[in-house]
Q: 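Supplied in C-alpha cells, the structure appears directly below.
Here is the naming used below: chain letters follow the sequence lines, and residue numbers restart at 1 for every chain.
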Amino acid sequence: MNFYKRTALVCRQIPKGKVATYGQIAMLCGKPKNARQVGYALGHNLAGDVPAYRVVNASGILSGAAAFETPDLQKQMLEQEGIRVNRTERGLQIDLKRDGWKNTMEDALWLRNEFEVRGI
DNA sequence: TCAGTGACCAGAC
DNA sequence: CGTCTGGCCACTG
C-alpha cells in the first residue's frame with residue numbers, strides 16, 4: 001500500500017544517531033493523522049526493511065521495544081549510535097530535545113520529490 | 001456491515 | 001513535569 005511504502009522511505013531517511021516520532025513520520029508521508037498506522041506498519045513489517053528502532057512515540061518513549069527480538073535490543077541499537085536511553089517508570093525514554101530528528105523544509109521537499117519520482 | 005484493536009497524539013487541566 | 005479524554009483510521013474477524 002502506498003502509505004506503507006512512504007513510511008519505509010521516510011524511516012530510511014532518519015539520520016544515524018537520531019530518532020523520529022510516529023507522528024513526525026506520518027506527517028512526512030502526507031498523512032498527519034496516521035501515526036497509529038505507522039506503528040501498525042512497523043509492528044507487522046509492512047514497511048519493509050527499515051531501521052524501526054529509530055522510531056519512538058511523541059513522549060520519546062520506546063513504545064515498541066517489546067516487539068523486538070530481545071527486550072533490550074532497541075535500547076542497545078540506539079546506544080550504539082550514541083543516543084542516550086533512560087530507564088523510567090513509563091519505560092525506556094529518549095530526550096527528544098537532544099536526540100530527536102529535526103526535519104528541515106529541505107528534507108520535506110526532497111521526500112516529496114522522491115515520492116513523485118517513484119510514483120508512491 | 002460492524003465492533004474491536006493498536007509500537008499514537010494534541011489539548012485541557 | 002503528570003493524568004485524563006476524545007479523536008484518529010487501517011486492518012481484522
Q: Atom CG of Asn45(A) and atom C1' of dA10(C): how far apart are they, to the nearest Å?
A: 17 Å

Q: Mind checking the P distance from dG6(C) to dA7(B)? Whole angstroms is fine.
A: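 Those two atoms are separated by 22 Å.
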
Q: State which of dA10(C), dC9(B), dT12(C) makes the closest approach to the side chain of Tyr40(A).
A: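 The listed nucleotide nearest to Tyr40(A)'s side chain is dT12(C).
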
Q: Nearest-Å distance, NZ (Lys31(A)) to C1' (dC9(C))?
A: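 Taking NZ of Lys31(A) and C1' of dC9(C), I get 10 Å after rounding.
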
Q: Give, for atom CZ of Arg90(A) and atom CG of Asn57(A), the distance between the pair rounded to the nearest 0.5 Å.
A: 9.5 Å

Q: So what does Ala66(A) hit on the nucleic acid, given a heavy-atom distance under 4.0 Å: a base, only sugar-phosphate, or nothing?
A: nothing

Q: Out of dA10(C), dA7(B), dA10(B), which has the shortest distance to the side chain of Ser63(A)?
A: dA7(B)

Q: If you check every side-chain atom of Leu42(A), which of dA7(B), dC9(B), dG6(B) has the closest atom?
A: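 Of the candidates, dA7(B) comes closest.
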
Q: Whole angstrom is fine here: how far is it from CG in Leu96(A) over to P in dC9(B)?
A: 10 Å

Q: Looking just at side-chain N and O atoms, do Tyr53(A) and Gln80(A) make a donor-acceptor pair shorter than 3.5 Å?
A: no

Q: Quick check: on DNA chain C, is the nucleotide nearest Arg36(A) upstream (toward 5') of the one nearest Leu46(A), or the reverse? Name the residue that is more 5'.
A: Arg36(A)

Q: Got a sec: does the CG of Asn113(A) have more than 12 other heavy atoms crowding it under 6.0 Å?
A: yes

Q: Starting at CD1 of Ile61(A) and ending at P of dC8(B), how long is that distance when rounded to a whole Å?
A: 10 Å

Q: For Tyr22(A), report the nucleic acid contact type (base, sugar-phosphate, nothing); a contact means any heavy atom under 4.0 Å.
A: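 The residue Tyr22(A) makes base contact.
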
Q: For Ser59(A) and dC9(B), is the shortest distance between a side-chain N/O and OP1 or OP2 below 4.0 Å?
A: no

Q: dA7(B) C1' sits how many Å from Leu73(A) CG, rounded?
A: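 Leu73(A) atom CG is separated from dA7(B) atom C1' by 14 Å.
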
Q: For Lys33(A) and dC8(C), give me the distance from atom NZ to atom P, rounded to whole Å.
A: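 The answer, rounded to whole Å, is 6 Å.
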
Q: Just how far, in rounded Å, is P of dA7(B) from CG of Leu92(A)?
A: 16 Å

Q: Considering every strand and a 4.0 Å limit on heavy-atom distances, what is the contact class for Tyr4(A): base, sugar-phosphate, or nothing?
A: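 If one applies the 4.0 Å heavy-atom cut-off, Tyr4(A) turns out to touch the sugar-phosphate alone, with no base involved.
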
Q: Can you tell me the distance, in whole Å, between the CD atom of Glu89(A) and the P atom of dC1(C)?
A: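 The answer, rounded to whole Å, is 13 Å.
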
Q: So, Asp72(A) and Arg87(A), do they make that salt bridge, N to O below 4.0 Å?
A: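 Looking at Asp72(A) and Arg87(A), the cut-off is met.
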
Q: Scan Ala67(A) against the nucleic acid and name what it touches under 4.0 Å (heavy atoms): base, sugar-phosphate only, or nothing.
A: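 Base, at least one base atom sits under 4.0 Å.
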
Q: Looking only at side chains, do Gln13(A) and Asp107(A) share a donor and an acceptor under 3.5 Å apart?
A: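 The answer is no; no qualifying pair exists.
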
Q: Just checking Gly43(A): base, sugar-phosphate only, or nothing, at a heavy-atom cut-off of under 4.0 Å?
A: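 Gly43(A): base contact, heavy atoms under 4.0 Å.
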
